[in-house]
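Reading through the structure tokens given below for one structure.
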Amino acid sequence: MTHQTHAYHMVNPSPWPLTGALSALLMTSGLTMWFHFNSSTLLILGLLTNSLTMYQWWRDVVRESTFQGHHTAVVQTGLRYGMILFILSEVLFFAGFFWAFYHSSLAPTPNLGGYWPPAGINPLNPMEVPLLNTLVLLASGVSITWAHHSLMEGNRKHSLQALLITISLGIYFTLLQTSEYLEAPFTISDGIYGSTFFVATGFHGLHVMIGSTFLTICLLRQLKFHFTSKHHFGFEAAAWYWHFVDVVWLFLYISIYWWGS
Amino acid sequence: MLRSLLVLRQIAQRTISTASRRHFENKVPEKQKLFQEDNGIPVHLKGGVGDALLYKATMILTVGGTAYAIYQLAMASFPKKQA
């Protein structure tokens, strides 16, 4: 029986990187089959195997940390760096779409009429649902901070309530945005306005859904007593991600909804 | 030795439940015992029979799916002539 004499985490061999990579192949080839041959089998298979991989991989991380105690201080530091770098990569992902928006809107081409919003586009009123959406996400930033403080103070009831409020606000945002998408007088195929609007806000909406899911996992873990008042990095990572999603919305609101109208 | 020290630290700081009328009991210590058993089983299978079933299902779907993707690629590479 051998034991390590260092504080790092040497993980057990795992099949999930392989299944994850294969699921990525199935998703991409599945998209091709769906676009060109009207067949969704591969795509569904890809989405299913991707979900299975994510569920089992992260389940194992919870086992390694909460149940096996592998997340020492130095391991946690590594995870913090990792999450920060991941969020940074997402910032750069969105930067591309903002670049596209500003490129097109700062110097509108003659075929758009030489002005922005382009000829024929009736943009959404930024003082209506988009403003409500802004307030909803800002409020969710407050509630998640309350949840964190409650967690650090060992207040179980408050941390659960605040997490639930945050998730509800996230779902409310998603519902409002869905309704906006269905009611909008323009579509994704309405020139460069439609493309920049729906791709930027669409990817943002996807990130709201991912963030809400991450927070829901945190809620379940808090219900199951996984977090302690001193050690709850999973929650912190979810909170950082949520704040990032909120900030992206603020940029979207100011640039596309407000300045862009 | 290091691990058992870490576990003791975690238990000491675990939030104690005072809501006995609720459904949620703290089952973390049981889980810690299960997953720290020195049986050489890797973490992705250590939870029990359910783990092995889910693993097999995932493998079959991904490897099978990959074979299907390669088959579709082969079919798409040689278009059938119109009669």
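Throughout, protein chains are lettered first and strands after them, A, B, ... in sequence-line order, and every chain is numbered starting at 1.
In this structure, chain A has no heavy atom under 4.5 Å from any part of K33(B). Neither the backbone nor the side chain of W57(A) comes within contact range of chain B; no heavy atoms are under 4.5 Å apart. With a threshold of 4.5 angstrom between heavy atoms, L45(A) approaches chain B through side-chain atoms but not through N, CA, C or O. Heavy atoms closer than 4.5 Å to chain B are found in both the backbone and the side chain of T19(A).
To the nearest 0.5 Å, atoms CD1 (I44(A)) and CG (L61(B)) are separated by 12.5 Å. Distance CG/L22(A) to OG1/T66(B): 4.0 Å, rounded to 0.5 Å. We find the CG-CG distance between N26(B) and L223(A) to be 12.0 Å, quoted to the nearest 0.5 Å. To the nearest 0.5 Å, the span separating CG on L45(B) from CG on N12(A) amounts to 9.5 Å.
The number of heavy atoms from other shown groups lying within 6.0 Å of CZ (F233(A)) is above 12. Shown here is W146(A), whose CH2 atom has more than 12 heavy atoms of other residues, nucleotides or ligands within 6.0 Å.
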Could you walk me through whether T66(A) and F35(B) pass side-chain contact (heavy atoms from CB on, under 4.5 Å), step by step? CA-CA 10 Å; T66(A) 308; F35(B) 287 101; over 6 Å; no

Can M59(B) and L18(A) be said to form a side-chain contact (heavy atoms from CB on, under 4.5 Å), step by step? CA-CA 9 Å; M59(B) 267 306 178; L18(A) 175 64; 4.1 Å; yes

Should R156(A) and F24(B) be marked as a side-chain contact (heavy atoms from CB on, under 4.5 Å) after you check the CA-CA gap, both sets of side-chain angles, and the distance that decides it? CA-CA 12 Å; R156(A) 180 177 166 81; F24(B) 294 99; 3.9 Å; yes

Show, in sequence, the C-alpha distance, side-chain angles and deciding distance for H226(A) and V28(B), and conclude whether the side-chain contact (heavy atoms from CB on, under 4.5 Å) test is met. CA-CA 7 Å; H226(A) 287 194; V28(B) 172; 3.9 Å; yes

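Between G47(B) and R63(A), the shortest heavy-atom contact is N-NH1, 3.6 Å. Pairing each heavy atom of A69(B) with each of L26(A), the nearest pair is CB-CD2, 4.1 Å.
A donor and an acceptor atom, one from each side chain of T58(B) and Q56(A), are located under 3.5 Å apart.
Among residues two or more places apart in sequence or in another chain, the side chain to side chain donor-acceptor pair (under 3.5 Å) test is passed with Y181(A) by T201(A).
Taking 4.5 Å as the limit, every side-chain heavy atom of Q72(B) sits out of range of all side-chain heavy atoms of S29(A). For the pair L42(A) and Y68(B), the minimum side-chain heavy-atom distance is below 4.5 Å. Using a 4.5 Å cut-off on side-chain heavy atoms (C-beta onward), V43(B) and Q68(A) make contact. In this structure, Q36(B) and F67(A) have side chains that are not in contact, with every pair of non-hydrogen atoms separated by 4.5 Å or more.
Here H44(B) is the residue among E30(B), H44(B), K31(B) with the most heavy-atom pairs under 4.5 Å with chain A.
The pair D51(B)-R59(A) meets the salt-bridge criterion, since a charged nitrogen lies less than 4.0 angstrom from a carboxylate oxygen.
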